[in-house]
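Here's the structure, in structure tokens; my notes come after.
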Amino acid sequence: MMKDDIYIYFDSNIFQYMKNQPADIFWSDFIRVFNTLKRKYKFPLSYAHLRDLALSPIPSFDTGDIVHLNNITEHNYILEDLSIIQQDLNAFYDKEEIKGTFFKRQDDNKTNSIKEIINKNKSSDMLLKELIYFLPLNISNPNVYKEFRVIIQKMKKDFNKNSTIDVGGDLFKNLLPLLDFLISQDVSCSSFKDALNIIMSFNEANKEIDYKQIEAGYFLLDFNQKMRDKITNGNTINNMLVDVAHLCYARKAKYYVTADKKHFEKSKFLFECLDIKVQVISPKEFLSKFNVL
């Protein structure tokens, strides 16, 4: 008998490939193995998959994919507490409502640059206050997000200079391990955990790995020079927030399968460092592992 807590979690791109390329030799084999495994595992959908649907610029993606996802997963749906229920997506998928949960992009013409804010705020306290106000309003702008990554990484190099801002206080000194990680090319679990602990010291988190830790860890990796993702108009912070949501729903899965190479790299590193017992695998590894069935 299949247990409710034994499940394999697919990233949205896996379901897309299964729908769009069923005649492809690789994906036809993949689908065959998938159908065999459904006797042992559940393959649930989550709210993160619905958010991916809402982000899609393809109008036909809405109706066709809802039907496809309902059928292929046999209506299995995973909740925030990781319990799996039977749910028809058509019953509650509202694209406009879901889109309302995303960061709104501001008009580029009305957006100041982070560099302008830094130049007019020599006091670190005033700078932090302005950034705290500015970033949530503008972080969905790819240019702002990329500039913010560069500025944060540059802070370490400018640490002993007075040309940018006053960084001689205890706050910035305590941030040194975090800044060291951001510019490091040699990424290790040890340095990652030191940096993550600094971030989590500003947040209340459960002892058990929770959403905040996964989210903070994922974005921490994205600010590292070696691990960061490519930010474009088609891949913004909203897309990464959905990636984080997928990881949260997948954190108790047997396997997490994704075809996104950069997301695969960050997810595998994050789960291993946080000691989350989920195997992050590619579609090729999935087929290789189970094709003997």
Side-chain angles (χ1 to χ4, degrees), residues 1-15 34 37-55 65-66 68-103 193 196-197 199-200 202-221 237-258 260 263-264 266-281 286:
M1 179 177 291
M2 181 167 53
K3 295 181 180 178
D4 286 345
D5 60 351
I6 300 180
Y7 67 100
I8 294 176
Y9 191 93
F10 282 175
D11 195 357
S12 294
N13 49 56
I14 303 299
F15 289 120
F34 164 78
L37 286 173
K38 284 200 290 186
R39 295 196 296 264
K40 182 177 181 181
Y41 299 101
K42 288 185 178 180
F43 292 82
L45 296 172
S46 72
Y47 189 65
H49 292 105
L50 300 186
R51 287 170 67 87
D52 270 328
L53 284 174
L55 277 171
D65 276 45
I66 286 290
H68 168 71
L69 292 173
N70 267 330
N71 291 338
I72 202 169
T73 62
E74 300 178 340
H75 297 272
N76 285 309
Y77 187 82
I78 189 167
L79 302 175
E80 288 186 5
D81 65 2
L82 304 187
S83 61
I84 297 174
I85 64 172
Q86 287 283 293
Q87 179 68 61
D88 182 358
L89 297 188
N90 285 303
F92 66 102
Y93 174 64
D94 185 326
K95 181 174 182 177
E96 294 307 313
E97 180 182 333
I98 294 173
K99 286 175 69 175
T101 67
F102 296 129
F103 280 106
K193 287 181 178 179
L196 183 59
N197 285 338
I199 295 175
M200 296 313 299
F202 296 97
N203 294 276
E204 291 184 6
N206 299 322
K207 290 183 179 179
E208 182 181 355
I209 299 299
D210 67 4
Y211 192 105
K212 290 181 182 179
Q213 289 165 293
I214 293 175
E215 181 179 56
Y218 194 83
F219 278 96
L220 174 60
L221 291 175
I237 188 173
N238 285 321
N239 299 88
M240 284 193 286
L241 285 169
V242 175
D243 289 340
V244 169
H246 281 305
L247 294 186
C248 291
Y249 286 112
R251 70 185 186 274
K252 298 290 186 180
K254 185 73 173 177
Y255 301 96
Y256 175 50
V257 189
T258 179
D260 184 323
H263 179 58
F264 171 90
K266 287 193 287 188
S267 302
K268 189 175 181 66
F269 181 88
L270 179 66
F271 279 175
E272 288 178 354
C273 290
L274 295 181
D275 198 28
I276 297 175
K277 306 298 185 183
V278 181
Q279 294 187 52
V280 181
I281 58 177
F286 175 89

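Hydrogens, waters and symmetry mates play no part in the numbers below; they use all other heavy atoms, side chains included. Computed from a prediction, not measured in an experiment: that's the story for all the values here.
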Do Asp243 and Thr258 make a side-chain contact, defined as non-hydrogen atoms from C-beta onward lying under 4.5 Å apart?
no
Looking only at heavy atoms, which two atoms of Ser46 and Tyr9 are closest? And how far apart?
OG-OH, 2.6 Å
With the side chain counted from C-beta on, respond yes when Phe271 and Lys277 share a heavy-atom pair under 4.5 Å apart, and no when they do not.
no
With rounding to the nearest 0.5 Å, note down the distance linking CD1 in Ile84 to CG in Leu45.
10.5 Å
For the residue pair Lys42 and Ile6, establish whether any side-chain heavy-atom pair is separated by less than 4.5 Å.
no
Closest approach of Lys193 and Cys273, non-hydrogen atoms and distance?
CE-O, 2.7 Å
Is the shortest heavy-atom distance from the side chain of Phe219 to the side chain of Val244 under 4.5 Å?
yes
Compare all side-chain heavy atoms of Ile214 with those of Tyr211 and state whether any distance is below 4.5 angstrom.
no
Who are the side-chain hydrogen bond (donor to acceptor under 3.5 Å, both in side chains) partners of Asn239, not counting sequence neighbours?
Thr236
With a 4.5 Å heavy-atom cut-off, do Lys254 and Lys40 have their side chains touching?
no
Between CG on residue Asp11 and CG on residue Asp52, distance to nearest 0.5 Å
6.5 Å
For Phe15, the ring-ring contact (aromatic ring centres under 6.0 Å, His included) test, sequence neighbours excluded, returns Phe10, His49
Using the side-chain hydrogen bond (donor to acceptor under 3.5 Å, both in side chains) criterion, which residues pair with Tyr256? Sequence neighbours excluded.
His263
CD1/Ile78 to OH/Tyr249 distance, rounded to the nearest 0.5 angstrom?
8.0 Å
Would you check, one step at a time, whether the test ring-ring contact (aromatic ring centres under 6.0 Å, His included) holds for Phe286 with Tyr255?
CA-CA 9 Å; Phe286 175 89; Tyr255 301 96; 7.5 Å; no
The criterion is ring-ring contact (aromatic ring centres under 6.0 Å, His included); which residues satisfy it with Phe269, sequence neighbours excluded?
Phe192
Partner set under side-chain contact (heavy atoms from CB on, under 4.5 Å) for Leu79, not counting sequence neighbours
Tyr77, Asp81, Ser83, Ile85
If you round to the nearest 0.5 Å, how far is CG of Leu50 from CG of Leu89?
5.5 Å
What residues, two or more places apart in sequence or in another chain, satisfy disulfide bond (SG atoms under 2.5 Å apart) together with Cys248?
none
Over all atoms of both residues, closest heavy-atom pair of Ala216 and Ile199
CB-CG2, 3.9 Å
Does Glu74 have any side-chain contact (heavy atoms from CB on, under 4.5 Å) partners at least two apart in sequence or in another chain, and if so, which?
Lys38, Asn76
CG-NZ distance between Asp260 and Lys266, expressed to the nearest 0.5 angstrom
8.5 Å
For a side chain to side chain contact (heavy atoms under 4.5 Å, CB included) check, start with the C-alpha distance between Tyr7 and Leu82, then their side-chain angles and the critical distance, and finish with the verdict.
CA-CA 10 Å; Tyr7 67 100; Leu82 304 187; 4.2 Å; yes
Looking only at heavy atoms, which two atoms of Asp88 and His75 are closest? And how far apart?
CA-ND1, 3.8 Å
Value rounded to 0.5 Å, distance of CZ in Phe43 from CD1 in Ile72:
9.5 Å
Using side chain to side chain contact (heavy atoms under 4.5 Å, CB included), reason through His246 and Ser12 one step at a time and then give a plain yes or no.
CA-CA 9 Å; His246 281 305; Ser12 294; 3.4 Å; yes
Is there a side-chain contact between Ile276 and Leu247, using heavy atoms and a 4.5 Å cut-off?
no
